[in-house]
> 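Structure below; questions to follow.
A, B, ... follow the sequence lines: proteins, then strands. Residue 1 opens every chain. Model, not experiment: these values are computed from the prediction.
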Amino acid sequence: MKISKKIVLLGHFGVGKSSLIRRFVENTFSENYKVTIGVHIFKKNVEIPEKDTDVSLVIWDLEGNDDINNTRLSYLIGTNAFIYVYDVTRPATYENLQAEIDFLKEKQKNTPIKVVGNKNDLVTKAFLKENNDNFGRLTDLYVSAKTGNQVDFLFSKLAESLL
Amino acid sequence: MLTNYNFFHKKQTNQILLINKQGIIIDSESDLFIDSKGKHLSDLHPFFDTIIPLLNTTNKQYNFDCINLTIGKNTRTVDGILNTEDEHAVFVFQDLTEQYILYQKVAQLRNEAEIKSQLYYHINYLLKEKEAFKDDFIANFTHAIRMPVNTISGFTALLEDSNLEQSQRYNLNIIKNTNEKLRVMINEILDISKIESGHFTINSIRYNLLNEFDEIISIYTKKCEKKGLKLNYKIDEKCPKYVIADKYRLAQIASNLIGNAIKFTEQGSIDLNVVCKTLTKDKATIQFSITDTGIGIEQDQLEVIYKSFYQVSNKIRNDGSGLGLAIVKELVNALDGTIEVNSTLGEGTTFTVTLDFEIDKNQKEDKHITKTNKTTANYEFKILLAEPSKRDQAIFLESVSKSKKFDVVIVETGDDVVEELHKQPFDIAIFNLKLPTMDGLDTARYIRHSDFENFKQIPIMILSKHPSKEEEQYCKQRRINSYLGKPYDKDVLLRKIKYLIKKKQAN
Ligand SMILES: Nc1nc2c(ncn2[C@@H]2O[C@H](COP(=O)(O)OP(=O)(O)O)[C@@H](O)[C@H]2O)c(=O)[nH]1
Ligand SMILES: [Mg+2]
């Protein structure tokens with residue numbers, strides 16, 4: 001049977017979780033914001049040429065929360081990796097970054113977490129540098145669902161690392 | 001509300017999937033998954049991929065709420081429970097789509113409102129970034145353009161001293177005047193960009209306000225007379241004498257407004273009226289009005305006169321960049337004051353500025369407090385050095401430290417020189433020829449042409465890295481008192497400084 005990996009996206013509402021998935025799965029983007037409730041689940045096959053194989057990513061798009069403690073824990077069962085998304089333009093979405101990451105580490109020990117700052121199309125490199133102490137230190141990757149910047153890279157590198 | 005509950009309880013019925021340990025559906029009773037019997041779970045929806053590993057457990061219950069299942073074009077939202085048994089598992093779920101749609105609508109409104117309220121932070125940031133870019137650009141640009149303008153002045157001055165025919169001299173004069181206008185314009189642009197970006201500072205010092213008025217009046221009486229105008233003035237006796245405020249900015253506001261009035265008035269008078277509106281123990285609100293009998297401003301133009309680069313459209317040619325009023329407005333704002341304008345076309349204009357002044361507790365005559373109170377009492381003389389190179393600063397300090405008589409204040413730019421001179425008195429100013437912002441010669445020229453009697457005549461020495469006879473001569477013509485090439489002999493430097501200070505004291 002084909003290898004399948006479950007990836008769960010979390011973070012505050014409006015940070016672009018659904019948009020990142022839409023960019024990755026359908027390669028489209030919309031400016032319209034439609035609030036996700038509960039969870040939507042998508043599947044996409046990713047080729048990993050380096051390992052001469054492919055993997056089926058089952059991606060869970062969770063409802064955004066301003067407090068990670070309100071996450072429905074059953075959604076996390078069997079997760080192979082988390083992508084924690086925040087919005088580089090909204091401090092409220094990264095103010096508790098460390099605590100939110102710690103929460104995930106505690107609930108799902110040994111599950112890798114990628115922390116990504118989305119909407120990097122709206123800011124400059126200088127801005128990201130200035131904010132090193134706010135979110136930079138904890139961030140693995142800056143991405144943009146709008147331009148597609150680093151989105152494929154995020155998912156395919158993550159998939160590769162799970163094999 | 002109740003209708004919702006009603007709906008909830010009536011409509012929903014349980015749907016059931018019976019699943020074996022391999023994930024095959026043995027039986028089903030479901031509107032959502034019709035004909036699913038015999039299929040594998042993973043063929044139904046990717047959600048079930050997560051369920052499959054759980055089938056290996058027994059006697060466990062897993063709750064899954066609010067799962068969106070898209071099947072074909074249809075998305076339904078369900079709550080489900082997985083019960084695992086010895087040989088089977090049962091997934092029981094309810095289609096609650098309608099309820100969740102209502103919930104979604106509420107969440108949509110709430111989230112949108114909250115995101116909107118958080119956006120100000122970023123909008124603010126973007127504005128600042130844009131401003132900073134603009135200011136940087138203007139500052140760099142004006143700075144870069146100053147050099148060639150100064151070069152033109154330099155060579156024009158050299159030409160002036162050579163033998164010229166009448167017509168050549170006439171043409172040269174045009175070049176000289178045009179270049180001077182350009183220089184004024186550049187300085188104004190730099191000024192406004194600095195003010196607008198908040199890169200200027202307010203330096204409050206104790207000073208005699210009444211003396212300051214006298215000084216302003218005496219300067220502008222002369223300027224008015226030159227143009228055949230009369231300067232009338234009335235200073236309210238209630239005005240406090242000693243205040244703590246930014247003397248330089250007040251002078252800048254006054255000189256811009258009075259200068260403007262003179263510029264637009266061909267005959268008649270300029271009236272300066274100073275009224276102390278309110279007076280408490282420690283604060284005075286003072287209103288300055290400057291009225292001219294000039295050409296006036298049209299009513300519909302009154303709104304826009306403070307805009308950068310605006311110039312009242314009129315037939316009279318006027319110099320400068322049109323930034324004077326914008327500078328005044330920004331300065332008044334920065335000092336938390338107000339400015340108003342009233343005008344009648346053909347009759348004249350009145351500008352009224354209202355500013356608060358902190359009144360100094362000590363209203364007694366100032367007996368050179370700055371000198372006697374100095375902590376550096378054992379120093380005899382104060383030197384202001386403008387030198388951008390740290391190495392050269394060190395060399396200078398080392399050179400003058402021998403004498404132990406000098407207290408040296410070091411700054412690095414021409415603008416800082418001006419600021420420093422407004423803050424405290426110095427016995428001599430020494431500039432490197434090349435300085436960031438205003439260079440040494442520009443700074444010197446600013447000082448010599450300023451209206452501030454307390455530093456207008458200060459001895460100035462220029463230090464040059466590439467000394468030449470021509471340069472020295474050029475400096476001397478610009479009322480620079482002394483010129484010295486680098487590297488210099490320490491004793492020569494000291495001798496020159498002492499000589500200049502002595503000469504100044506003799507005057
Ligand atoms: N400029 C920009 N906007 C984005 C980006 N990603 C998402 N958005 C917008 O942000 C809003 C919220 O996106 P969404 O994906 O629904 O966020 P979610 O609540 O985390 O799922 C939408 O209006 C998107 O159009 C991005 O990379 N750049
Ligand atoms: Mg979403």
> How far does CD1 of B/I101 sit from CD1 of A/I37, to the nearest 0.5 angstrom?
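Here the rounded value is 8.0 Å.
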> Find the distance between CD (B/Q108) and CZ (A/F13) and round it off to the nearest 0.5 Å.
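If I round to the nearest 0.5 Å, the distance is 11.0 Å.
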> For A/V39, is it the side chain, the backbone, both or neither that has a heavy atom under 4.5 Å from a heavy atom of chain B?
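For A/V39, heavy atoms of backbone and side chain both lie under 4.5 Å from chain B.
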> Is the number of heavy atoms from other residues, nucleotides or ligands within 6.0 Å of CD (A/E47) greater than 12?
no
> Between A/K43 and B/D49, does at least one N-O distance fall below 4.0 Å, as a salt bridge requires?
yes
> Rounded to the nearest 0.5 Å, what separation is found between the CZ atom of B/F47 and the OH atom of A/Y75?
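Answer rounded to 0.5 Å: 9.0 Å.
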> Between atom CD1 of B/I81 and atom OG of A/S74, what is the distance when rounded to the nearest 0.5 Å?
11.0 Å
> Working to the nearest 0.5 Å, report the span between CG of B/N111 and NZ of A/K34.
12.5 Å
> Using non-hydrogen atoms only, which part of A/D87 is less than 4.5 Å away from chain B: side chain, backbone, both, or neither?
neither
> Are more than 12 heavy atoms from other residues, nucleotides or ligands located less than 6.0 Å from atom CD of B/E29?
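Open: at most 12 neighbouring heavy atoms sit under 6.0 Å from CD of B/E29.
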> Report, as yes or no, whether the 6.0 Å neighbourhood of atom NZ on A/K51 holds more than 12 heavy atoms from other residues, nucleotides or ligands.
yes
> Quick one: what part of A/L122 sits under 4.5 Å from any heavy atom of chain B, side chain, backbone, both or neither?
both
> Name the region of B/L126, side chain, backbone, both or neither, that has any atom closer than 4.5 Å to a heavy atom of chain A.
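The side chain, not the backbone.
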> If you draw a 6.0 Å radius around CG in B/N124, do more than 12 non-hydrogen atoms from other residues or ligands fall strictly inside?
yes
> Where the side chain of B/Q104 meets the backbone of A/V35, is there a donor-acceptor pair that is under 3.5 Å apart?
yes
> With heavy-atom distances below 4.5 Å as the criterion, would you say the side chains of A/Y33 and B/I115 are in contact?
yes
> What residues of residues 54-73 of chain B sit under 4.5 Å from chain A when you count only heavy atoms?
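The stretch touches chain A at B/L54, B/Y62, B/N63, B/F64, B/D65, B/C66, B/I67, B/N68.
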> Check the surroundings of atom CD in B/E87: do more than 12 heavy atoms from other residues, nucleotides or ligands lie under 6.0 Å from it?
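It does not: B/E87 CD has 12 such atoms or fewer within range.
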> Between B/Y121 and chain A, with a heavy-atom cut-off of 4.5 Å, which part of the residue counts as in contact: side chain, backbone, both or neither?
side chain
> Say you draw a straight line from CD of B/E114 to CZ of A/R90; how long is it, rounded to the nearest 0.5 Å?
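One gets 8.0 Å once the value is rounded to the nearest 0.5 Å.
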> Find out whether B/Y125 and A/T124 are in side-chain contact, i.e. whether some heavy atom of one side chain is under 4.5 Å from a heavy atom of the other.
yes
